[in-house]
*Asks:* 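I'd like to ask some things about the structure below.
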Amino acid sequence: MMAKQVQQDQLYIGIDGGGTKCRATIYSKQHGVLGTGLGGPANPLHGLERTLESIMVSTQLALQDAGLRVEQVHELNAGMGLAGVNLPALYDKIMQWDHPFQQMFLTTDLHTACIGAHEGQDGAVIITGTGSCGFSIVNGESVNYGGHGFAQGDIGSGAWMGLEATKAVLLDLDELGPTTRLSGTFKSHFNTLTAMGIAEQMAGQPSSVYAKLARLVFDAAEQQDEVALSIVTQGADYISRLAKRLLENNPPRLSMIGGLSEPLNKWLDPEIAKLVELPKQPPEMGAIYFAIKNVEQDLIKAN
């Protein structure tokens, strides 16, 4: 009871960082959600400094939204789920950060997404946003598949679709590949008439920029463009196979999270699509649950 009483006075912040944006939510057990904030990309694989900047921007906006003082950042127990920290080197770099929080508990965005989707209970989750990956927790055992990063993996993700579409358009414009209506769409989007004009604008761009092109691919697929259909069906097939792999562990629930979860659903294997359930809570709430659990465990050890 003592630990529980102390817990009720704690302030928590849940941070969900991905390739496109970083969301932060401040929470107390007594009053629930106090404030939220949104920052830029927060995948350390694509830039450590940018990731830390996005975390702090979202945190400061959440503090402001909650009506808290800036210096109260030092009172926050932070649960942090970040893309990319499944790679040990990146996990270590974030853990070495001289952060401003009272405490920081770090894990992958997959882990916190799964905790949130099933409110701390067993289950599986597939993230289909800028990147793609799968994770499940069953009886204390966790497994994850995919999440290898852009551009060597993340099939079925927004970034992957944008990259595949860009490659197809460049081939079409050079008359070296099949014709696709995406070419006209891309020329309008990039305000250029040439393949080199598109290539120049996309050179060196991060995954988040490619991910923004995914909606154009879905639009073309809906209009029965064969190239776009091939991209979408290939991506959906991978996500379906990823789901089947996760279901081998018999999780009681399966959810999909991310900007592509809704548009992709209709393209999935029907047997998989009917099993997908809406997440109960967003990933940033999963990060809060993760922080609460760690703080409570520390209090029990201390007593």
Side-chain angles (χ1 to χ4, degrees), residues 1-44 46-85 90-109 111-113 115-117 119-120 129 208 257 279-303:
M1 289 297 292
M2 184 183 297
K4 185 175 181 182
Q5 184 62 47
V6 173
Q7 273 296 114
Q8 287 178 339
D9 298 328
Q10 298 283 341
L11 284 175
Y12 297 91
I13 185 166
I15 295 170
D16 174 54
T20 301
K21 55 186 175 293
C22 181
R23 292 185 181 276
T25 294
I26 295 175
Y27 176 90
S28 82
K29 281 194 164 184
Q30 286 181 313
H31 305 293
V33 173
L34 303 178
T36 62
L38 183 65
N43 183 340
H46 304 308
L48 181 62
E49 287 187 15
R50 181 66 187 275
T51 294
L52 300 182
E53 177 188 347
S54 295
I55 290 169
M56 291 314 304
V57 166
S58 61
T59 295
Q60 289 164 8
L61 290 173
L63 283 165
Q64 181 180 342
D65 189 44
L68 300 174
R69 302 184 310 278
V70 173
E71 57 268 25
Q72 286 184 270
V73 66
H74 305 302
E75 301 174 21
L76 302 176
N77 295 282
M80 200 171 297
L82 299 182
V85 300
L90 293 179
Y91 180 90
D92 292 342
K93 285 182 179 179
I94 298 293
M95 288 302 294
Q96 290 164 12
W97 176 34
D98 186 20
H99 65 81
F101 306 110
Q102 180 172 329
Q103 297 182 86
M104 182 183 76
F105 305 100
L106 177 65
T107 187
T108 67
D109 59 336
H111 189 189
T112 52
I115 295 171
E119 289 189 324
S208 56
I257 295 173
K280 293 182 176 180
Q281 295 287 350
E284 54 270 27
M285 280 304 301
I288 288 168
Y289 297 151
F290 181 70
I292 290 173
K293 182 177 179 180
N294 277 277
V295 169
E296 287 180 343
Q297 288 176 342
D298 289 348
L299 286 168
I300 290 170
K301 289 177 184 177
N303 292 325

*Asks:* Testing Thr51, Ile15, Asn43 one by one against Cys22 for a side chain to side chain contact (heavy atoms under 4.5 Å, CB included), which residue passes?
*Replies:* Ile15

*Asks:* For Lys280, does the NZ atom have more than 12 heavy-atom neighbours from other residues, nucleotides or ligands under 6.0 Å away?
*Replies:* yes

*Asks:* Angle between ring planes, Tyr27 versus Tyr12, binned at 30° and 60°: parallel, tilted or perpendicular?
*Replies:* tilted

*Asks:* My understanding is that only residues two or more places apart in sequence, or in another chain, count here; which of them pass side chain to side chain contact (heavy atoms under 4.5 Å, CB included) with Leu76?
*Replies:* Leu11, Ile13, Ile26, Thr59, Leu63, Val73, Phe101

*Asks:* With no hydrogens and no angle check, is any side-chain donor or acceptor of Gln72 less than 3.5 Å from a backbone partner on Arg69?
*Replies:* yes

*Asks:* Test: salt bridge (Lys or Arg N to Asp or Glu O under 4.0 Å). Region: residues 46-66. Which pairs qualify, not counting sequence neighbours?
*Replies:* none

*Asks:* Report yes if the side chains of Gln103 and Asp298 come closer than 4.5 Å at any heavy-atom pair, otherwise no.
*Replies:* yes

*Asks:* Can you tell which of Asp109, Thr107, Thr108 makes a side chain to side chain donor-acceptor pair (under 3.5 Å) with His111?
*Replies:* Thr107

*Asks:* Start with the C-alpha distance between Val295 and Phe105, add both sets of side-chain angles, then the distance that settles side chain to side chain contact (heavy atoms under 4.5 Å, CB included), and finish with yes or no.
*Replies:* CA-CA 9 Å; Val295 169; Phe105 305 100; 3.6 Å; yes

*Asks:* Hey, is the main chain of Pro41 close enough, under 3.5 Å, to the side chain of Ser54 for a donor-acceptor pair?
*Replies:* yes

*Asks:* Between atom CD1 of Ile115 and atom CZ of Phe290, what is the distance when rounded to the nearest 0.5 Å?
*Replies:* 6.0 Å

*Asks:* Quick one: pull up CG in Leu68 and CD in Glu75 and give me the separation to the nearest 0.5 Å.
*Replies:* 8.0 Å

*Asks:* Take Met95 and Met104 through the side chain to side chain contact (heavy atoms under 4.5 Å, CB included) test and state the conclusion after the steps.
*Replies:* CA-CA 8 Å; Met95 288 302 294; Met104 182 183 76; 4.0 Å; yes

*Asks:* Side chain to side chain contact (heavy atoms under 4.5 Å, CB included) between Ile288 and Met285: does it pass, once the steps are laid out?
*Replies:* CA-CA 5 Å; Ile288 288 168; Met285 280 304 301; 3.7 Å; yes

*Asks:* List the steps, then state whether side chain to side chain contact (heavy atoms under 4.5 Å, CB included) holds for Ile55 with His99.
*Replies:* CA-CA 10 Å; Ile55 290 169; His99 65 81; over 6 Å; no

*Asks:* Under 4.5 Å between any side-chain heavy atoms of Asp16 and Pro282, yes or no?
*Replies:* no

*Asks:* Are there over 12 heavy-atom neighbours, none belonging to Gln64, within less than 6.0 Å of that residue's CD?
*Replies:* no

*Asks:* Determine whether Leu48 and Ile94 make a side-chain contact, defined as any pair of heavy atoms from C-beta on separated by less than 4.5 Å.
*Replies:* yes

